[in-house]
Amino acid sequence: MTAASGRSRPIVAIDGPVGAGKSTVARRLAQALGFAYINTGAMYRAVAIAARNAGITPDDPGLEAKLARLLASIVISFAGDRVLLDGRDVTGELGAPAIGDLASRLSTLAVVRAAMRELQRKAGAAGGVVMEGRDIGTAIFPDAEFKFFLDADVAVRARRRYEELAAKGAAIGYDEVLAQLRERDRRDRGRELAPLKQAPDAVLVDSSHLTIDQVVKLMQDRIAR
Ligand code: DC
């Protein structure tokens with residue numbers, strides 16, 4: 001039992017900007033620890049898919065009220081690594097750049113953040129989880145036992161993202177990827193509600209010159225201490 005929280009197993013929070021390697025690292029770390037892995041960005045992306053399917057766009061008049069109704073009517077769940085929206089596996093659609101962009105826009109709204117906060121707190125309450133996102137160590141579980149802020153140089157993040165997209169055959173240049181990434185950083189860090197920032201008690205890990213294995217090892221060592 002961890003003293004302050006009353007949880008029998010700890011929560012590991014990993015926050016950071018897009019392209020720092022959070023998902024790969026968090027998944028691997030969860031596996032190594034025997035913990036569940038929760039990707040909160042995927043939840044925001046599932047909301048974006050639901051909004052798109054419902055024909056909702058960020059410029060709609062009465063956007064928050066429309067989203068409130070939408071959020072009350074959908075069910076986002078996980079089946080292992082798969083993300084289900086109303087029971088349908090939408091994992092394959094989550095990675096589309098347009099969905100990431102819409103997720104980032106909708107995530108600035110209070111109604112969306114409140115719904116996600118409730119879902120994420122329920123999912124992590126028992127502990128034994130590695131949860132990754134933007135505000136896990138600051139807003140969702142400020143009392144998480146372990147907090148990491150995973151960052152990397154913007155050019156390195158853009159290069160990784162570009163190579164990932166190129167491998168999938170996407171027709172996009174490096175400069176465009178870099179510009180999109182800067183815009184997403186600006187929005188995620190600059191928003192009023194739960195902006196992306198390092199919690200004062202989070203360990204900063206700069207992955208610019210580290211391999212995935214090195215980052216996972218560094219975190220494991222920290223947790224084992
Ligand atoms: O991690 P990601 O790129 O899949 O996240 C998509 C967007 O969702 C991100 O740009 C901002 C939002 N998000 C958030 O606001 N809070 C989180 N904990 C996770 C994601």
Side-chain angles (χ1 to χ4, degrees), residues 11-27 29-30 36-52 56 58 64 67 71 74 76 78 81-83 85 90-124 129-142 144 147-152 154 157-158 160-162 164-165 168 170 172 177-199 202 207:
I11 289 177
V12 181
I14 304 180
D15 292 305
V18 64
K22 285 190 309 287
S23 299
T24 314
V25 164
R27 188 181 291 112
L29 184 65
Y37 160 59
I38 300 175
N39 175 349
T40 62
M43 295 182 180
Y44 284 92
R45 287 169 184 263
V47 171
I49 289 173
R52 184 206 56 193
I56 297 174
E64 292 230 27
L67 285 170
L71 287 161
I74 60 172
I76 297 169
F78 288 88
D81 246 15
R82 315 301 292 178
V83 180
L85 173 60
V90 292
T91 317
E93 297 174 52
L94 297 176
I99 291 300
D101 189 63
L102 184 57
S104 169
R105 283 170 196 273
L106 299 181
S107 75
T108 62
L109 302 169
V111 65
V112 175
R113 299 213 72 81
M116 295 301 99
R117 185 169 58 231
E118 200 189 324
L119 207 60
Q120 290 159 18
R121 285 194 177 153
K122 260 191 208 145
V129 294
V130 177
M131 193 175 280
E132 58 130 321
R134 301 290 189 288
D135 62 342
I136 309 308
T138 53
I140 304 299
F141 287 111
K147 296 184 190 181
F148 298 99
F149 192 83
L150 185 58
D151 207 345
V154 69
R157 292 190 284 122
R160 287 179 186 157
R161 184 90 188 106
Y162 166 72
E164 209 177 278
L165 289 169
K168 284 187 199 152
I172 186 166
V177 172
L178 179 65
Q180 283 178 1
L181 204 132
R182 286 210 159 105
E183 171 59 16
R184 184 99 81 83
D185 277 0
R186 190 194 59 72
R187 199 183 303 124
D188 291 351
R189 289 181 201 271
R191 70 177 175 227
E192 208 173 305
L193 302 170
L196 169 65
K197 66 167 189 265
Q198 185 182 342
S207 75

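Numbers here simply count residues along the sequence, with the first being 1. Whatever order the structure lists them in is the order used to number ligands and atoms, beginning at 1.
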**Q** Work out whether the distance between some heavy atom of R113 and some atom of ligand 1 is less than 4.0 Å.
**A** yes
**Q** R187 and T108: side-chain donor and acceptor closer than 3.5 Å?
**A** no
**Q** Where is the nearest protein heavy atom to atom 4 (O) of ligand 1: which residue, which atom, and how far?
**A** R45 NE, 2.6 Å
**Q** Is it the case that Y44 and R105 place a side-chain donor and acceptor less than 3.5 Å from each other?
**A** no
**Q** May I ask you to identify the nearest protein heavy atom to atom 19 (C) of ligand 1, giving residue, atom name and distance to one decimal place in Å?
**A** T40 OG1, 3.5 Å
**Q** Please compare K22, R134, R187 and report which has the shortest non-hydrogen distance to atom 1 (O) of ligand 1.
**A** R134
**Q** At less than 4.0 angstrom from any non-hydrogen atom of S107, what atoms of ligand 1 do you find?
**A** 11 (C), 12 (C), 15 (O)
**Q** Taking side chain as C-beta onward, heavy atoms only, is T40 less than 4.5 Å from I140?
**A** no
**Q** Would you say N39 and ligand 1 have an N/O pair spaced under 3.5 Å apart?
**A** no
**Q** Does atom CD of E118 have more than 12 heavy-atom neighbours, drawn from other residues, nucleotides or ligands, at distances under 6.0 Å?
**A** no
**Q** Do any nitrogen or oxygen atoms of R184 lie less than 3.5 angstrom from nitrogen or oxygen atoms of ligand 1?
**A** yes
**Q** Can you tell if the side chain of S23 reaches within under 4.5 Å of the side chain of Y37, non-hydrogen atoms only?
**A** yes
**Q** Taking 4.0 angstrom as the limit and counting only heavy atoms of G133, give me the atoms of ligand 1 inside it, by number and element.
**A** 18 (N), 19 (C)
**Q** Give a yes/no verdict on whether any heavy atom in R191 is under 4.0 Å from an atom of ligand 1.
**A** yes
**Q** Any idea which protein heavy atom is nearest atom 8 (O) of ligand 1, and the distance to it?
**A** Y44 CB, 3.5 Å
**Q** Which one of R157, K22, Q198 satisfies the side-chain contact (heavy atoms from CB on, under 4.5 Å) criterion with D151?
**A** R157
**Q** Do M116 and I76 touch side chain to side chain, with heavy atoms closer than 4.5 Å?
**A** yes
**Q** For ligand 1, which is the ligand I care about here, please tell me if D188 has any N or O atom under 3.5 Å from one of the ligand's N or O atoms.
**A** yes
**Q** Any chance the side chains of T24 and R160 put a donor and an acceptor closer than 3.5 Å?
**A** no
